[in-house]
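Read the structure below first, then the notes.
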2 protein chains.
Amino acid sequence: MRSEIKPDGQKARSFIEEARRDQIVRAAVEVIAEVGFARASLARIAQRAGISKGVISYHFAGKEELMEQVVDRVYAQIGEFVLARMEGAESAADLLRTHVMSVAEHMRGNRVQLTALGEIFNNLRAADGEPRYGVHTSEGLYQALESIYRHGQERGEFRAFDVRVMAVTHQAAIDAMFAYWQAHPEHDLEAHARQLADLLERACS
Amino acid sequence: MRSEIKPDGQKARSFIEEARRDQIVRAAVEVIAEVGFARASLARIAQRAGISKGVISYHFAGKEELMEQVVDRVYAQIGEFVLARMEGAESAADLLRTHVMSVAEHMRGNRVQLTALGEIFNNLRAADGEPRYGVHTSEGLYQALESIYRHGQERGEFRAFDVRVMAVTHQAAIDAMFAYWQAHPEHDLEAHARQLADLLERACS
DNA sequence: TTGATTTCTGACCGCATGGCCAAAATTTAG
DNA sequence: CTAAATTTTGGCCATGCGGTCAGAAATCAA
């Protein structure tokens with residue numbers, strides 16, 4: 001590879017190489033969502049992408065880097081969508097409702113990404129056996145949610161409560177909503193999201 | 001084996017055999033909690049139990065039966081403890097609070113069981129690749145929680161809301177509480193449980 | 001004590017995995 | 001066109017897996 005290390009630690013990749021990485025990541029998402037993390041072998045992913053197994057080893061340092069890429073790219077997509085929707089909101093209650101509703105809206109069209117993310121989150125482990133992702137990885141997300149709730153408390157909208165407990169519960173409720181929806185595809189996701197937004201808002205008042 | 005099939009489909013097991021099964025199940029719980037489902041091989045479990053790998057195959061039909069035994073036994077323990085605590089409660093709010101607090105109390109002394117249960121729940125798959133457990137497995141639990149909430153609505157304690165969404169959220173919030181506590185052992189579990197009980201009660205009023 | 005039954009051991013099997021690499025194919029640069 | 005660089009291929013490897021089995025050991029019944 002001719003690519004060199006840039007100052008920020010990222011490699012400079014050619015357009016073609018980046019396209020290949022994208023293709024492989026997309027295939028990985030599909031395979032993981034279909035057969036689960038444990039059965040998502042490099043061979044299966046390569047087969048799905050229509051390439052030889054060695055290509056993955058050529059473009060990624062190893063399976064772990066590939067999985068991290070999947071997480072990073074899916075996460076980035078979600079964040080981009082949700083943050084754009086939250087731009088207009090003023091009150092904490094609006095922020096809250098917009099967050100719940102927009103996450104649900106985005107995921108309605110991206111079920112496989114959601115499944116794959118959950119699989120990797122639950123199963124990927126570092127070489128030493130420790131979970132690669134976990135609750136501690138969500139720290140940034142928790143802090144973002146906390147700032148919404150604290151905003152509401154400072155404005156006098158919300159009562160006094162432990163913002164960390166609220167943030168953890170908020171995120172868990174959203175995850176559970178998706179898990180339930182996946183198990184019951186006929187379930188009305190939007191209605192669930194509305195109920196959840198009501199529920200959270202009342203819990204704060 | 002001399003054991004015969006009894007009318008209820010269960011095998012009649014000698015005291016010694018039952019003890020061995022218990023020992024193996026306990027070893028499995030520990031190993032799964034420590035290294036995760038994917039790395040919890042029969043070899044590791046046998047090593048932990050201080051026996052030869054073949055013994056597991058002798059006492060269990062296969063890995064799947066062993067895992068199901070782990071789930072059944074841990075589930076039974078939790079249910080026994082929590083139901084006993086809820087006997088006295090009258091109002092729906094009391095039932096709610098007692099449920100949250102007693103689950104937390106029981107689990108404070110049984111972290112490994114909790115972790116192992118989660119690992120199996122998320123990872124065990126049938127031979128055809130379909131998840132062995134999943135949200136649909138929680139149906140019974142959801143119905144039990146729903147009955148509490150519906151009870152509150154009928155008594156006029158609680159407002160009108162979708163009891164299924166509330167049950168799903170309730171269970172997810174408890175799971176998240178444990179996950180967070182596992183990642184942050186210094187976290188005050190009892191205080192979290194109290195905050196969560198408040199939160200749920202307010203969400204219903 | 002003796003013979004039958006249950007339980008355990010340790011070696012072994014077939015299989016799938018992640019990673020590796022020499023050589024072939026393709027693309028790029030001069 | 002030619003030569004260098006990049007990318008792909010397909011087979012190979014060591015490892016660990018779940019499961020099996022013959023035979024040893026332990027236990028039990030008479």
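Below, chain A is the first sequence line, B the second, and so on; all start at residue 1.
Shown here are the side chain to side chain donor-acceptor pair (under 3.5 Å) partners of His106(A), two or more places apart in sequence or in another chain: there are none. Arg73(B) meets the side chain to side chain donor-acceptor pair (under 3.5 Å) test with Glu18(B), Asp22(B), Gln69(B); sequence neighbours excluded. For Arg26(A), the side chain to side chain donor-acceptor pair (under 3.5 Å) test picks out no residue, with sequence neighbours left out. For Arg97(B), the salt bridge (charged side-chain N to carboxylate O under 4.0 Å, His left out) partners two or more places apart in sequence, or in a different chain, are Asp198(B), Glu201(B). Residues passing the ring pair (Phe, Tyr, Trp, His ring centres under 6.0 Å) test with Phe121(B) are Tyr133(B), sequence neighbours excluded. Phe161(A) is linked by a ring pair (Phe, Tyr, Trp, His ring centres under 6.0 Å) to Tyr149(A), counting only residues two or more places apart in sequence or in another chain. Considering only residues two or more places apart in sequence or on other chains, Thr115(A) meets the side chain to side chain donor-acceptor pair (under 3.5 Å) condition with Gln182(A).
Listed in residue order, the members of residues 60-71 of chain B having a heavy atom less than 4.0 Å from DNA chain D are Gly62(B), Lys63(B). Applying a 4.0 Å cut-off to non-hydrogen atoms, the residues of residues 32-46 of chain A that approach DNA chain C are Ser41(A), Leu42(A), listed by residue number.
In this pair, His187(A) and His192(A) present their aromatic rings perpendicular. The plane angle is above 60°, beyond the 30 to 60° band.
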Enumerate all atom pairs, one protein N or O and one N or O from nucleotides 9-13 of chain C, separated by less than 3.5 Å.
residue, atom, partner, partner atom, Å
dT9(C), OP2, Ser52(B), N, 2.8
dG10(C), N7, Ser52(B), OG, 3.2

For a quick test of your reading: what N or O donor-acceptor pairs under 3.5 Å do the side chains of residues 77-87 of chain B make, sequence neighbours left out?
residue, atom, partner, partner atom, Å
Arg85(B), NH1, Glu105(B), OE1, 2.8
Arg85(B), NH1, Glu105(B), OE2, 3.4
Arg85(B), NH2, Glu105(B), OE2, 3.0

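As a whole-Å value, the separation of Arg21(B) CZ from dT7(C) C1' is 15 Å.
Between His59(B) and dT6(C) there is no side-chain polar atom (N or O) within less than 4.0 angstrom of OP1 or OP2.
Applying the side-chain hydrogen bond (donor to acceptor under 3.5 Å, both in side chains) rule to pairs touching residues 139-148 of chain B yields Glu139(B)-Gln143(B), Glu139(B)-Arg164(B), Glu146(B)-Arg164(B), sequence neighbours excluded.
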